Asks: 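What follows is a single structure, and I will ask about it in a moment.
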Amino acid sequence: MNQRINPSSQPTPVAERQRAAGAVHARTSGGDRLRSWLDHHREMWRESWRRFFAAPMSSGMTALVIAIALALPAALQLGLTNFQRAVAGWDGQPQISVFLHKRAKESVVMDYADQLRADPLVAGVTYISPEQALAEFQQASGLGDALVGMESNPLPAVLLVRPAGSDSAALESLAARLRESALTDSVVLDMAWVQRLAQLTELGRRMSAGLAFLLALGVLLVVVNSIRLHIENRREEILVVKLVGATDAFVRRPFLYTGLVYGLVGGLIAWLLVSVGVWLLAGPVSGLANLYGSGFRLDGPGITYFLGLAGGAALLGLIGAWLAVARHISAIQPR
Amino acid sequence: MIKFDNVNKRYESGQDALGRVSLEIGRAEMVFLTGHSGAGKSTLLKLLTAIERPTRGSIIVAGQNLNRLRNGQIPYYRRNLGIVFQNHQLLFDRSVFDNVALPLAVAGCSKREVGRRVRAALDKVGLLHKEKQNPIVLSGGEQQRVGIARAVVNKPALLVADEPTGNLDPKLSEEIMQLFRQFNAVGTTVLIASHDLELIARMRQRVLTLQQGQLIYDGYPSREPAY
Ligand SMILES: Nc1ncnc2c1ncn2[C@@H]1O[C@H](COP(=O)(O)OP(=O)(O)OP(=O)(O)O)[C@@H](O)[C@H]1O
Ligand SMILES: [Mg+2]
């Protein structure tokens, strides 16, 4: 190895002998080799882009297939993130509403509330008097005027009980106890939809992960196939460079870069697709949010999202190219 | 420079292309390899260029035993050879210059060095003025000369050619042979496989003749009128 690192500016007898032997690498110093190795990488990087745009139809198609395959799970992921953000305002904690008998005295109810607060299963109790309930209802429903004419308040007092845990058996037993009280008219355990929502979100997440996996596999196959065609098209060239002393790494390099470029362009197009989709949906979503009195706005694909998508796509392109190259290049040997 | 010791090559088809061939070629010698079609000339050159491996026997080139050459070392071994093969021709998607530069690019030469050496090689074969052209527009003889420039651009110690004048007319063939002679004159060992007995006779060099994979003649035919 040190024989190769031999500055050609000072011809020693050894260097002279090697000159006579005529080995190219004998006269190329380590620094030169590193520089030319870097040069070759840079050249292959540029060359891959050149080749990509030299056949815009076929490379564009490949990139588009990759883009669509990536955009689907990416959009789903973004949708899920947004959905979770939208429902985040809704407390995931279950809550028990205890509707009291209309004739229950307020002082007795207050005692009962205190008693409940002492219960280890209970985290907190909020008392809503019939008057408060009415005011809230009028405000929320917009039916204020309709109720003005009524002689008496039709609404009962309510105790909002926040349980200490979310264990469903404990919740059920607490609800049962609340139901037994003489003061209680009815008990509503409004946790079912919260759980359902959480479960649906989880289901969506798993489905999108599964879909992402399958489509990533699809992207890999597309890249492997395109690179295989590239290799086939450049068969003659591969034979010649191998015959003049190209290492496998040298032969592989342009194809790996081509895979990388496919992935990058595919990722970029996927990001564009998702961005356009978000842009198209932003109007309707904010309209819908306004109807529900929410200030929710759709979160677009940001910079980290873009980097993740492009990076993931580039990685897939590289892996695909590597698989193709590992399979097909060693099979091409001069005969 | 080259030493074959009882070399046998049997292809996977079961064909014995070479059988027990032993020969020695010294440094800076110029040798012709001849014989009928199918005699094993190309096979011998493929063994020499590590395209094929011998079935039996050993091959030593410049002190290196080719039997012990690992696959990963083959590229480095080939960088010390100049190879002119008829069926591994020029690449038509790049200029004459870039074709000739291939062995240097592969070996990782600096840009400046590449330019200097490629021009020197093209100058030797008389095609310096065509460096920017695509080889597809060149004549057969010119293309062959570009191939030779590519083979000598890394100043190999050993130059190997398989039918380098295969489809050229006698005058062009003669010119190509003169080129090889010039490289030989500056110390390169040259081994050329050829059918062209007349041409070989005119060159007055050592000749090896193969027949059905056997080495049946090794000598200087011009000094032996009987041949
Ligand atoms: N890859 C191969 N697989 C199987 N048999 C082969 C292979 N290459 C050559 N042969 C056989 O080996 C024998 C020698 O072939 P080779 O190519 O060395 O002959 P040659 O002397 O170069 O002939 P030509 O003058 O026609 O080029 C022939 O019989 C040929 O059929
Ligand atoms: Mg042959």
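In what follows, every chain begins at residue 1, and chains take the letters A, B, ... in the order their sequences are listed. Given the structure is predicted, the values throughout are model-derived calculations rather than measurements.
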Asks: Check each atom of A:E237 against the heavy atoms of chain B and say whether the ones under 4.5 Å are side chain, backbone, both or neither.
Replies: both
Asks: Take atom CZ in B:R20; do more than 12 heavy atoms of anything else shown fall under 6.0 Å from it?
Replies: no
Asks: Counting only non-hydrogen atoms closer than 4.5 Å, does B:N99 touch chain A with its backbone (N, CA, C, O), its side chain (CB onward), both, or neither?
Replies: neither
Asks: Looking only at heavy atoms and a cut-off of under 4.5 Å, which of B:K46, B:R94, B:R78 has the most pairs with chain A?
Replies: B:R78
Asks: I'd like to verify something: which residue of A:V251, A:T247, A:V241 has the highest number of heavy-atom pairs under 4.5 Å with chain B?
Replies: A:T247
Asks: I want to check a possible cation-pi pair here: A:R252 against A:Y257, using under 6.0 Å from ring centre and within 45° of the ring axis as the test.
Replies: no
Asks: Is A:E47 paired with A:R253 through a side-chain N to carboxylate O contact shorter than 4.0 Å?
Replies: no
Asks: Less than 6.0 Å separating the ring centroids of A:W37 and A:H41?
Replies: yes
Asks: Check whether B:L102 gets within reach of chain A through its side chain, its backbone, both or neither, counting any heavy atom under 4.5 Å.
Replies: both
Asks: Centre-to-centre under 6.0 Å for A:F250 and A:H40, is that the case here?
Replies: yes
Asks: Who wins among B:V106, B:I74, B:V186 for the most heavy-atom pairs under 4.5 Å with chain A?
Replies: B:V106
